[in-house]
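Each remark here refers to the structure printed beneath this line.
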Amino acid sequence: MAIEARNISKTFGRFTALRDVSLEVKEGELLALLGPSGSGKTTLLRIIAGLERPDPGAGTVLFEGQDVTNQRTGERRVGFVFQHYALFRNMTVFENIAFGLEVRPRSQRPSKKYIRDRVRELIALIHLEGMADRYSSQLSGGQRQRVALARALAIEPKVLLLDEPFGALDAKVRQGLRRWLRRLHDEVHVTSLLVTHDQDEALEVADRVVVMNQGRIEQVGAPEEVFHHPASEFVMDFMGSVNLFHGRIDSGKAVFGQLVLDHPNSAGADGQAARLFVRPYDLDIHPQHNGRPGLRARVERVQSAGPQVRVELVAETGEAVTVEMSHVQYRDSSVGPGDSVYVSLRDARIFMEDYTI
Amino acid sequence: MRPRTDAARHDPALLRYGLIFVALLFLGLFVVLPLIAVFAQALEKGWGAYWAAITEPDALSSIRLTLLAAGIAVPLNLVFGLAAAWAIAEFQFRGKNVLITLIDLPFAVSPVIAGLIYVLMFGAQGWFGPWLNQHDIKIIFAVPGIVLATVFVTFPFVARELIPLMQAQGTEEEEAALVLGASGWQLFWRVTLPNIKWSLLYGVILCAARAMGEFGAVSVVSGHIRGETNTMPLHVEILYNEYNFAAAFAVASLLALLALVTLGAKRLLEWKMRQDYADFTATEGAEG
Amino acid sequence: MAKHGFKRASILPGFWPTFGYSVLYLSLIVLVPLSAVFLKTATASWAHFWRTISSPGVVASYKLSFGASLAAAAVNVVFGLVVAWVLVRYRFPGKRLVDALVDLPFALPTAVAGIALTSLYTEHGWIGRWLAVVGIRVAFTRLGVFVALVFIGLPFVVRSVQPVLEDVDPQMEEAAASLGASRWVTFSRVVFPLLRPALLTGFAMAFARALGEYGSVIFISGNMPMRTEITPLLIVTRLEQYDYAGATAIALVMLVASFALLLGINLLQWRSRRYAEAA
């Protein structure tokens, strides 16, 4: 089911959580709402779910083109998975999952047999056979979250909304569940919205990613696009580590200390401040200047314990620079602490005051 | 085992035994002895006299009245407690703390004053006195007055147990139920109520025990009419003032048994109640 | 919904019915009747009011009620601390039973406590007879009032201190011991300061309860005018004489004192909670 949020604004007292946010969710896709805390992603999710209402007159929510902004949450047929599970502590796993079906009004309530079969099906889906009679206090965190998911799916929701579902779990458990969620989505094909502050999670799991910051949407796009073609400084900085250099525009070139780059689109912007963002793996280390734009730096530390080798350097202008390279590259380069080297650039983004290039 | 810990907090044996002795002596003197005295004095004249004392018509009617007053006060305060706890725990509104403090007021008021205020309202010279007289309705010196005074003194018991518990439990489960399509009542019966059942039970027991044991407030409004407006505590007073000690203690022993039942219930429920407060995030494990 | 209105918007149902009913019930049962005391006093003349609350018998009762309550609460602070310490720190047979019994004065109906205490402390009573040998009379004296008030205030201090004592971080005491402090120094300078707010709260609650206490006291006090009459009793006697105005006047004094205490206790608890959070 396609969802549309139009011009949603929401304030809590003096705090503005959402500023005129609009978003379209395609039928059947898994969309991630990514951002730091306070970005408004959870608020947006809860408004779509019906757990909050937008400020009066400030926005509409549409399900398949129908305005549901003022529809009660119970009538929207959405499945919601809470960050802290919110399992009913006084009910068994079975009763939790069956809840949504059992509270339907008489006329719409399925038979006991139907409910029983459906719940058993879901319990098998989440691989918790044999635990139907357990209480949530007897389950691990990962198991509880799976029950929460099954409970949401039991009512055959038109859309699945997950609020940082794996936030409270151990790293390993989180990774496993992440993959499991993606496989589940491929099987079940319910339109899903996932809120997370973990960019690895968003990139790994989602069809499209929505990056949010301070109540606004910064960028919407496929994971590759958001990562490799960030639309703003915030997005570039938020997604993965980055080296930042400060400089300015001078006659068609962007100048960052020794590093001078041609910047043909900057006519008339002389004197403006500019910021250079470079990914650590887009930098190469050479013993000498190799004709490409770059800067001289001295190696301070080499961290080779990890999947990549991280070289920490200090530029002649005093800025800290981090370069990442594979172990093979590192061996071939034979650099060590104290060495004076030339760091060259392969790819970078320049952001000016109000422009993005 | 970390022996160093114990050593650091280890009080010398002499001090330990000394303090335990003092504590037990103090409690023995002030708590245990009076309790034993009640039963000892009740049985002073033997089981026959004991039985006669508690089955005597005026005693029986005092028991009936006590049960009636409690039987009305407890459900009323139960409904109030649930309503107040729901409004306070599940919603944010201005003046919440004022409301909570006001609910505690009856605790701060002397029982005698609790009776006085109803006399001021419904007594012969009270606000409604003349009107009640005209319509031949008796509140003071009659059963309704006793019920009112009892309701007042037991007013906060259920609410006080429920409010902190429901506040601690938060609103997430209720929200989850709403998203799944539950109506307000379904939410309350299936989700909220089971989560508070032990504290609710305890609150009801406290409320009932206090309702049956109340003396000062009821004494003021009752008029002490034998066989009509005497609750058990008042009946005890009458017997005692007539120097009918064994009978007075006999009836008193029933109330003492009630107190012991209350204590037993507290012991049994305490562990269950602590579970209601349990925070689930404490049990994260490495397994998936 | 207004941003700074009365209530934050919520999707949970049932606010107005439950809130409305609670406020209505509270008003009818508690607030309106209590206001009767204040309104009634307002109609009486100031002179009459003053005469009543400053008459010798009444003033004597203030001294007794106030003094005995204060003394009883103080005793409970000392012994309550000992009992709490023993229950939390030591192990001995029957400890759980003892722990349960601490609540008895709270659970036992006041009239039952009253006659039980009286029977113990009269000259032929189990305790009274021993004290009589030494020439101490408890029943029907001020000492009797004091004893009864110690009884009913007992649980307040113990139950106030227990949870705080249970939460004391063992590492603090270990640190003090490792720095060379004796047990007494560790207690007085490390542990006791943590207990002070709870002791204060327990004291205030025991004191407040004792001030208004009626049933436990009137049997053992003997109710002798100017000597062993407690203030609540004077309210009752005025009522029995149909002197509503007089009873109300005295009640007003008591209410003001009770509310002041209630406010003080709430402030204390609020402050200690903030102190605990900052720690």
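To find a chain, count down the sequence lines: A is the first, B the second, and so on, and within it residues start at 1.
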Could you tell me which of [options] has the largest number of non-hydrogen atom pairs under 4.5 Å with chain C?
options: B:Glu175, B:Glu90, B:Arg16, B:Met121; value: B:Arg16
options: B:Val119, B:Leu15, B:Thr262, B:Asp104; value: B:Val119
options: B:Val220, B:Val38, B:Leu178; value: B:Leu178

Over 12 non-hydrogen atoms of neighbours within 6.0 angstrom of [atom1] in [X]:
X: C:Phe92; atom1: CZ; value: yes
X: C:Leu179; atom1: CG; value: yes
X: B:Tyr17; atom1: OH; value: no
X: C:Tyr90; atom1: OH; value: yes

Part of [X] lying under 4.5 Å from any heavy atom of chain C:
X: B:Leu263; value: side chain
X: B:Gln92; value: both
X: B:Leu27; value: side chain
X: B:Leu76; value: both
X: B:Trp127; value: side chain

Can you tell which of [options] has the highest number of heavy-atom pairs within less than 4.5 Å of chain B?
options: C:Phe106, C:Phe187, C:Phe259, C:Phe151; result: C:Phe151
options: C:Ser258, C:Ala36, C:Gly215; result: C:Ala36
options: C:Gly125, C:Gly94, C:Ala251; result: C:Ala251
options: C:Leu211, C:Val147, C:Leu120, C:Ile115; result: C:Ile115

Criterion side chain to side chain contact (heavy atoms under 4.5 Å, CB included) against B:Val31, the qualifying member of C:Leu104, C:Val98, C:Val83, C:Asp103: C:Leu104
[X] side chain near [Y] side chain, heavy-atom distance below 4.5 Å:
X: B:Val79; Y: C:Tyr21; result: yes
X: C:Phe15; Y: B:Trp86; result: no
X: B:Pro106; Y: C:Val30; result: yes
X: B:Phe26; Y: C:Val82; result: no
X: C:Phe219; Y: B:Glu237; result: yes
X: C:Leu239; Y: B:Val112; result: no

Can you say whether [X] sits under 4.5 Å from chain B via the side chain, the backbone, both, or neither, judging by heavy atoms?
X: C:Ser10; value: side chain
X: C:Pro232; value: both
X: C:Thr248; value: both

Check: B:Phe80 ring centre within less than 6.0 Å of C:Tyr25 ring centre: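 Yes, the ring centres sit under 6.0 Å apart.
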B:Phe91/C:Phe19 aromatic ring centres below 6.0 Å: no
Approximate separation, where rounding is to 0.5 Å, of B:Ile113 CD1 and C:Leu34 CG: 8.5 Å
Spacing of CG belonging to C:Asp99 relative to NZ belonging to B:Lys266, to within rounding of 0.5 Å: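 C:Asp99 CG to B:Lys266 NZ: 7.5 Å, rounded to 0.5 Å.
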Using atom types as modelled, flag every donor-acceptor pair under 3.5 Å from a side chain in residues 211-219 of chain B to any protein atom, sequence neighbours excluded.
residue, atom, partner, partner atom, Å
B:Glu214, OE1, B:Arg210, NE, 3.1
B:Glu214, OE1, B:Arg210, NH2, 2.9
B:Glu214, OE2, B:Gly216, N, 3.2
B:Glu214, OE2, B:Ala217, N, 3.0
B:Ser219, OG, B:His224, NE2, 3.4

Any residue of residues 245-252 of chain B which, by heavy atoms, sits under 4.5 Å from chain C: B:Ala248, B:Phe249, B:Ala252
